[in-house]
Amino acid sequence: MKSEISIKVTDKYKAEYAKGYPLITKEALENPEALQNEGSILKLTDKQGRFLAKGYYGLQNKGFGWILTHDESETIDQDFMERKLATAIGRRQAFYSNLETTAFRVFNGEGDGFGGLIIDYYAGFYLLSWYSEGVYTFKDEIIAALQNVTECKGIYQKKRFDTKGQYIEEDDFVTGERGEFPMIVKENGVNFAVYLNDGAMTGIFLDQRDVRNTIRQKYAKGKTVLNTFSYTGAFSVAASLGGAAKTTSVDLAKRSSSKTIEQFSVNGIDFETQDILVMDVFNYFKYAKRKELKFDVVILDPPSFARSKKYTFSTSKDYTNLMKEAIAITERNGVIVASTNSASFGMKKFKGFIDKAFKDLGKKYSIVEEFTLPSDFRVQKEFKEGDYLKVLFVKLG
Ligand code: SAH
């Protein structure tokens with residue numbers, strides 16, 4: 001049993017927590033110095049000592065931990081985890097029974113009642129991501145709970161917190177059967193090669209499922225498609241399968257080229273009919289302008305922050321400029337798929353960045369599709385920041 005530490009909350013946050021806000025922040029605490037070991041159970045009270053909620057201490061860039069329950073009598077033990085996991089799995093029954101999509105999110109942190117823990121499903125295997133040393137202290141209970149509530153072929157994990165250089169690759173495998181990699185998963189019938197045992201990323205960002213499907217079904221046929229910040233080329237594969245005339249994938253990372261070839265290949269697409277470029281997107285924009293290249297569809301999915309040799313890109317400062325670059329090489333009546341996963345601003349502000357780009361250029365546009373996170377990436381309505389994904393399909397003219 002973990003020990004409980006009593007922590008007092010400021011009046012301002014008392015109201016927030018009563019309304020269901022899940023994040024424990026430093027400003028919320030009257031006596032943060034009482035926090036000692038990550039993973040301790042925190043009993044939050046108001047200044048008078050009246051019970052508000054229970055949570056745990058875990059340091060993440062977002063805050064100091066997460067609220068787990070508003071019921072004083074509830075203990076945070078394996079049974080608690082089983083209840084949370086069973087509910088989360090129950091909510092995703094439609095995914096489990098869909099043979100065309102075999103990779104999805106099973107447990108989305110605070111959206112499913114346990115901030116700092118993410119669980120994804122990949123064709124019978126489970127991948128757990130731990131976002132703090134604090135949440136990692138619950139590892140044994142969470143893994144036992146998962147095995148009790150569902151059948152797992154094998155379990156892998158990613159520690160997404162600072163382990164002071166102690167990160168060992170073998171740490172990725174936890175228990176059960178070992179997978180064979182690449183593992184081929186399906187998403188709306190499209191194949192993707194994934195690796196659960198190879199560093200921080202698996203090869204596919206599951207949150208873009210609906211966007212990939214929309215590109216394939218409605219926007220690709222006969223079109224030339226430029227995919228910038230393409231990573232493993234997942235959007236390019238979707239476009240190509242949707243009948244694109246040609247795709248061009250651009251990413252700075254050297255590995256992106258072999259990874260993109262692999263994703264095309266597992267879908268039976270001859271990668272040599274596509275362009276795959278390892279280069280800085282900003283240099284590519286210059287090159288395309290010089291060569292007067294234009295595309296029917298341009299996909300923009302930059303990281304929130306990136307630094308290359310020549311350029312620094314921060315979504316909140318530079319999206320308008322990025323849009324302008326894209327507009328310059330998009331055909332009349334073409335479509336720009338503008339995406340961001342930055343949690344630091346909402347949809348309204350994102351639309352503002354796009355609007356400004358068109359206004360500055362004196363051009364017209366309309367928004368023809370709008371996406372936020374898909375349903376398996378469950379978000380809590382009291383925690384809007386959790387709904388980080390924003391994707392707009394912007395039609396020129
Ligand atoms: N759109 C991708 C995910 C993008 S992840 C998908 O749907 O799978 C962000 C990618 O941007 C990384 O692969 C990184 O290598 C790349 N990147 C970052 N800065 C870049 C730059 N200046 N030019 C090209 N690629 C860049």
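Nothing fancy with the numbering, it's 1 onward along the sequence. Each ligand, and each atom within it, is numbered from 1 in the order the structure gives.
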Ignoring hydrogens and angles, tell me if any N or O in the side chain of Thr320 forms a donor-acceptor pair with the backbone of Phe353 under 3.5 Å.
yes
Val225 backbone acceptor or donor facing Lys246 side chain under 3.5 Å:
no
How does Tyr231 reach ligand 1, by side chain, by backbone, by both or by neither, if only non-hydrogen atoms under 4.0 Å count?
both
Ligand 1 contacted by Asp251 (non-hydrogen, < 4.0 Å)
yes
Identify the protein heavy atom lying closest to atom 25 (N) of ligand 1, giving its residue, its atom name and the separation to 0.1 Å.
Leu252 N, 3.1 Å
Can you tell me if Asp270 uses its side chain to pair, donor with acceptor, with the backbone of Glu272 under 3.5 Å?
yes
State if Arg307 counts as touching ligand 1 under the rule of any non-hydrogen atom under 4.0 Å.
no
At under 4.0 Å between heavy atoms, which part of Phe235 makes contact with ligand 1: side chain, backbone, both or neither?
side chain
Write out the residue and atom name of the closest protein heavy atom to atom 5 (S) of ligand 1, then the distance separating them to 0.1 Å.
Phe205 CE1, 4.0 Å
Checking a contact table here: which protein heavy atom is nearest atom 19 (N) of ligand 1, and how many Å away?
Ala306 CB, 3.5 Å
For ligand 1, note which part of Gln208 has a heavy atom under 4.0 Å away: side chain, backbone, both or neither.
neither
Enumerated ligand 1 atoms positioned under 4.0 Å from heavy atoms of Pro303
9 (C), 11 (O), 18 (C)
Against heavy atoms of Asp301, which atoms of ligand 1 measure under 4.0 Å?
1 (N), 2 (C), 3 (C), 4 (C), 6 (C), 7 (O)
Testing the 3.5 Å rule here: is there a donor-acceptor pair between the side chains of Gln60 and Ser132?
no
Identify which one of Arg209, Arg105, Arg92 satisfies the salt bridge (Lys or Arg N to Asp or Glu O under 4.0 Å) criterion when paired with Asp376.
Arg209
